[in-house]
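First listed ligand is number 1; within each ligand, the first listed atom is number 1. All residue numbers refer to positions in the sequence shown, counting from 1. Since this is a predicted model, take the numbers as computed values, not measurements.
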Amino acid sequence: MSMLSVRDVSYIYQSKYQSIEAVRHVSCVFESGKLYAVTGPSGSGKSTLLSLLAGLDLPTSGEILVEGKSMASLDRDQYRREIASVVYQSFNLFPLLTALENVIYPMELLGKKKPEAVEIAMQLIGEVGLGEKTYQQFPIMMSGGEQQRVAIARALAAGGKILLADEPTGNLDSANEKNVVELLRTLAHKQGYLVIVITHNPYVAEQADAVYRMRDGELQTDGRA
Ligand code: ADP
Ligand code: ADP
């Protein structure tokens, strides 16, 4: 069973004066253990699709299934806290918390005991390729690549199996971009996460197992899906 199945999904932004069909009759599947890229021009509906996959909005029509269960029937707060996490181009770390505290934070929200949360956070920081000296650093002291790794560690901290990333390498130089993409590949291939990345970057798309291309709200595959 697919981790996520998108079935004839459309999404319409409705305002008083106009409606914009940002996603049009999209159908596709996303499997665990794979890295997917979603590409396409600005305004083609990528971010809207990602927000539907993240459970931030429900489709106007059609449905998204999470391991066979309709997203509409799930507790979406729980889905967002415990199953699917999003990382962004601008990292969005808490500036007044250290790297370790940033990663601990989602576990505290879930009521995990502090010593256990600290242990898991240290392990995750190691898994994203950062050393012990990172623990006590504040975001402002870290490079962009390091901040994105901490953001990824924080996204994984709640124990979910879906990682969604909106232009995760958009603010990184090419060396850091390569490293972060390699990390995303490893998380998919070695640890079984479903990783979905929105990207304009041909290099990132090339590293994905499958590429979905959006155009005017519609989705096309490149044959590698
Ligand atoms: P992309 O991520 O590919 O740039 P978006 O999903 O952000 O595309 O946008 C798709 C379409 O939906 C665009 O026409 C955009 O202007 C429109 N749109 C996005 N967000 C909103 C919103 N909050 N309200 C109204 N229209 C929106
Ligand atoms: P991206 O390409 O990264 O999606 P956009 O520039 O399309 O960024 O959108 C930036 C923000 O503005 C998003 O939160 C989007 O929802 C919102 N937005 C985009 N288009 C519109 C619109 N026509 N009306 C209202 N909000 C919009």
(message) Below a 4.0 angstrom heavy-atom separation, can you tell me which part of Thr48, side chain or backbone, both or neither, approaches ligand 1?
(response) both
(request) Provide the number and element of each atom of ligand 1 under 4.0 Å from a heavy atom of Ala22. (result) 10 (C), 11 (C), 12 (O)
(request) Find all atoms of ligand 1 within a distance of less than 4.0 Å from any non-hydrogen atom belonging to Ile20, and give their numbers and elements. (result) 12 (O), 14 (O), 26 (N)
(message) Would you say that Gln191 contacts Leu156 through its side chain, given a criterion of any heavy-atom pair below 4.5 Å between the two side chains?
(response) no
(request) Compare Gly43, Ser15, Pro41, Ser47 and give the one whose heavy atom is closest to atom 11 (C) of ligand 1. (result) Gly43
(message) At less than 4.0 angstrom from any non-hydrogen atom of Ser44, what atoms of ligand 1 do you find?
(response) 1 (P), 3 (O), 8 (O)
(message) Ignoring hydrogens, what is the shortest heavy-atom contact between Val87 and Ala155? Give both atom names and the distance.
(response) CG1-CB, 3.7 Å
(request) Verify the cluster assignment for Val128 and Met107: are they in a single hydrophobic cluster under the rule of side-chain heavy atoms below 4.5 Å apart? (result) yes
(message) Counting neighbours of NZ on Lys161 that are heavy atoms of other residues, nucleotides or ligands and sit closer than 6.0 Å, is the number greater than 12?
(response) yes
(message) Assigning hydrophobic clusters by single linkage (Ile, Leu, Val, Met, Phe, Trp, Tyr; side-chain heavy-atom cutoff under 4.5 Å), is Leu172 placed with Leu35?
(response) yes
